[in-house]
Amino acid sequence: MKLKGYLLGFVMLCVSAGVHAQETDKGTLIDKIIAKVDNHFILKSEVEQQYSQYLTSGQANTPNRCQILEGLVVNKLMLAKAEIDSVIVDEKRIDGELNSRMDQMEAQYGSAKNIVEAYGKSIVNLKEDLRLSLKEQLTGRKMQDKITSDVKITPKEVAAFFTRIPTDSLPYLPSEVEVGHIVRLAKPNKTQKSELVARLMDYRRRIEKGESFEELAKLYSEDLGSGKRGGDLGFSKRGQMVAPFEAAALKLKPNQMSDVVESEFGYHLIQLLAVRGQEYHARHILIRPDYQKLDLTEPTHFLDSLRIVIQRDSLTFDKAAREYSEDKLTQDAGGLMLDMASRSTRMPFDGTMEPGLYFSLDSMKVGTISTPIPYRTDDGRSAVRILYYKAKYPPHYANLKDDYQKIANIALTRKKNDAIEEWFLKAKEDVFIYIDDEYKGCNVLSGGVIDN
C-alpha cells in the first residue's frame with residue numbers, strides 16, 4: 001500500500017456537520033454502509049461527498065473514490081486504535097473547537113436563524129452532529145501525532161529525497177519575496193477611552209444592584225465566543241491569558257468584579273468565579289473601541305520617525321521590529337512575515353498574496369523601506385505599518401540550495417506517511433475491518449482488509 005500525502009492530515013476535507021445522504025435525479029435519498037472498522041462505519045455518501053468536494057476544489061491530483069475510501073478506512077482505524085490505546089481528547093478542547101466553529105458559521109450565514117434554514121435542523125441538533133465530527137477529528141489527529149511524534153528528518157535524508165526526483169518532474173516555482181513589517185496599532189484618544197470605561201463601569205453598577213452579569217455579557221460583550229455563554233471563559237491555566245487580564249483576575253476573590261482592565265483586545269470587566277490549583281475560572285464583558293474612528297496620526301508619526309532612524313543606519317530594521325512592532329506574530333522574527341503554508345519567510349509573489357501587500361511591493365525596490373501605510377490586522381484592528389522589502393527571488397526550478405525548507409517539509413511528510421503505513425500493517429491485526437463487495441475491486445490498502 002502507498003498512503004498519499006492527503007491522508008496525513010487525518011481529515012481530508014472538513015465534514016459539514018454530519019450531512020451524509022445523497023440525492024438521486026428523482027430526489028430520493030439513498031445511502032448504505034460500505035465499510036466497518038470495529039464500531040466505526042463508513043457510508044457511501046461520505047465517499048461521494050469528499051469526491052465531489054475534491055472535484056470542485058480544482059486541486060491537482062484529485063484522488064479517485066478508492067483512494068478516498070482508503071483514507072477513510074485509515075481514519076476510522078485511528079479512531080478504533082485510539083479507543084484501544086486510551087487516547088483521549090480533553091472535553092474542554094472539543095467544546096472550544098465547537099464554539100469556534102459555530103462562531104464561524106454564524107459569521108458566514110449572518111445569524112443562527114439562517115444556519116437553521118440552511119441545514120434544516122435545530123442549532124442543538126447541529127451542534128450534536130458537529131461535536132461528534134470534531135471529536136473524531138481531534139482524536140484522530142492526536143492518534144496521528146502519537147504515531148509520528150518521533151519522526152524527524154535529517155539534511156542527509158532531505159538531500160537523498162531530492163536526488164530521487166526526476167529532473168523533468170521538478171516544479172517551477174514563482175517569484176518569491178522576503179518582507180518584514182513593523183506595525184503600530186491605533187489607540188483610542190482620551191475621550192474615546194473615557195466613554196468605554198464609563199460604559200463598563202455602568203455595567204458594573206447595574207450588576208451590583210442585582211442585574212445578571214451573564215445577561216449583560218450576552219447583550220453587550222464584543223467577545224462573540226464567550227459573550228453567547230454569558231462571558232464564561234471556563235477554566236484557564238496560569239499564563240494562558242494576556243498578562244493584564246490574568247493579573248487583574250487573580251487579584252480578585254471568587255464572585256468579586258474588577259475595575260476596568262485594558263488589554264490588547266480592548267477593555268474588560270472581569271468576574272472571578274473560582275480558583276482550582278493552577279487554574280482559574282473567570283468571565284468577562286469585553287468592549288472594543290470603534291476601530292473605524294480611531295486616529296492614525298500618532299502611529300503614523302511614530303513609524304515615520306522610526307523609518308528615518310533606520311535609514312540613517314542608527315538602528316537595524318530587525319532590532320526596531322523586535323522593540324517597537326505591535327504584531328506579536330512577527331515581532332520575535334525581526335518583523336519578517338511567514339508564508340503559512342510552507343512556514344518559510346519566502347512568500348510567493350503572485351496572486352495568492354494579500355492584494356495590499358502585493359501592490360505596495362510592486363512599487364518598491366529591494367532593500368527599501370516604505371512610508372507608513374494604513375493597515376487592518378487579521379482581527380480587524382486599525383493600524384499603520386512600514387514595509388521592508390528584504391529580498392526577491394526570481395522564478396526557478398526547485399533546487400536544494402534555494403528551496404531547502406520546502407523540500408524538507410515534503411520529505412518529512414513522506415516519512416510520516418511511511419510511519420503511518422508501518423503502523424497500519426501492525427494495527428490492522430487488532431481490529432475487525434469489513435469492506436462491502438461493491439468496493440472489493442478497490443483493493444483497499446493492498447488487500448489487507450478482512451473479508452465478510
Side-chain angles (χ1 to χ4, degrees), residues 1-14 47 50-75 141 144-145 147-148 150-179 337-354 358 361 390-425 441-448:
M1 97 182 143
K2 277 293 176 187
L3 298 178
K4 305 297 182 184
Y6 53 80
L7 296 185
L8 189 59
F10 177 68
V11 178
M12 296 183 279
L13 290 170
C14 290
V47 174
Q50 289 198 13
Y51 183 64
S52 176
Q53 288 175 319
Y54 272 117
L55 289 178
T56 56
S57 71
Q59 71 178 61
N61 302 320
T62 297
N64 58 40
R65 289 177 175 84
C66 289
Q67 291 168 326
I68 290 172
L69 177 58
E70 179 184 62
L72 289 169
V73 170
V74 173
N75 293 347
R141 197 177 301 157
Q144 178 180 287
D145 290 343
I147 297 165
T148 62
D150 295 330
V151 178
K152 311 294 180 188
I153 196 82
T154 66
K156 185 176 180 180
E157 289 174 311
V158 175
F161 169 78
F162 182 74
T163 58
R164 292 196 297 270
I165 303 174
T167 303
D168 58 1
S169 297
L170 292 174
Y172 190 69
L173 303 177
S175 294
E176 295 178 312
V177 293
E178 283 188 294
V179 186
M337 302 181 204
L338 284 181
D339 175 54
M340 300 312 293
S342 66
R343 306 303 298 172
S344 167
T345 57
R346 289 171 56 162
M347 303 184 294
F349 189 47
D350 56 20
T352 63
M353 179 174 281
E354 182 252 309
Y358 179 88
L361 294 174
K390 183 178 180 181
K392 184 175 183 179
Y393 304 90
H396 62 281
Y397 285 101
N399 65 79
L400 204 55
K401 178 177 179 294
D402 297 321
D403 309 297
Y404 177 85
Q405 191 57 54
K406 291 186 180 68
I407 297 164
N409 289 342
I410 297 170
L412 180 59
T413 297
R414 294 289 180 88
K415 191 172 181 180
K416 287 184 175 181
N417 280 334
D418 290 343
I420 292 176
E421 178 178 343
E422 183 179 346
W423 169 86
F424 171 81
L425 293 173
C442 286
N443 195 27
V444 171
L445 301 176
S446 299

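For the single chain, residues carry numbers from 1 onward in sequence order.
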Would you check if Val158 and Tyr404 make a side-chain contact, meaning some heavy-atom pair closer than 4.5 Å?
yes
Indicate whether the side chain of Glu421 and that of Asn417 have a donor and an acceptor atom separated by less than 3.5 Å.
no
Tell me whether Arg346 contacts the main-chain N or O of Asp402 through its side chain, where contact means a donor paired with an acceptor under 3.5 Å.
yes
Evaluation steps, side chain to side chain contact (heavy atoms under 4.5 Å, CB included), between Tyr54 and Ile68
CA-CA 10 Å; Tyr54 272 117; Ile68 290 172; 4.0 Å; yes
Heavy atoms of Ile153 and Ala408 approach each other most closely as CG2-O, 4.4 Å
Side chain of Gln67, backbone of Asn64: donor and acceptor closer than 3.5 Å?
yes
Tightest non-hydrogen contact, residues Asp350 and Tyr358, listed as O-CD1, 3.7 Å
CG/Asp339 to CD/Glu176 distance, rounded to the nearest 0.5 angstrom?
8.0 Å
With rounding to the nearest 0.5 Å, note down the distance linking OH in Tyr397 to CG in Asp403.
13.5 Å
Salt bridge Lys415-Glu157, side-chain N to carboxylate O under 4.0 Å
yes
Are the side chains of Pro63 and Tyr51 in touch, meaning some heavy atoms are under 4.5 Å apart?
no
Are Val179 and Lys390 close enough that some pair of their side-chain heavy atoms sits under 4.5 Å apart?
no
Return the minimal non-hydrogen interatomic distance between Val151 and Lys416, and the atom names on each side.
CG1-CG, 3.9 Å
Please check this pair: side chain of Thr413 against backbone of Asn409, looking for a donor-acceptor N/O pair closer than 3.5 Å.
yes
Under a plain distance cut-off of 3.5 Å, with no hydrogens placed, do Glu178 and Thr345 share a side-chain donor-acceptor pair?
yes
With rounding to the nearest 0.5 angstrom, report the CD1 to OG1 distance, Ile420 to Thr148.
6.0 Å
Output the distance between atom CD1 (Ile147) and atom CZ (Phe424), rounded to the nearest 0.5 Å.
11.5 Å
Taking atom NZ of Lys406 as the centre, report whether more than 12 heavy atoms of other residues, nucleotides or ligands fall under 6.0 Å from it.
yes
Is there side-chain contact between Pro174 and Pro395, with heavy atoms separated by less than 4.5 Å?
no
Calculate, to the nearest 0.5 Å, the distance between atoms OG and CG belonging to Ser175 and Leu361 respectively.
12.0 Å
Distance col, row Lys401:NZ vs Ile407:CD1, nearest 0.5 angstrom, shows 12.5 Å
Honestly, is Arg414 close enough over Phe161, meaning NZ or CZ under 6.0 Å from the six-membered ring centre and within 45° of the axis?
no
In short, Ala398 meets Leu170 closest at the heavy-atom pair O-CD1, 3.8 Å
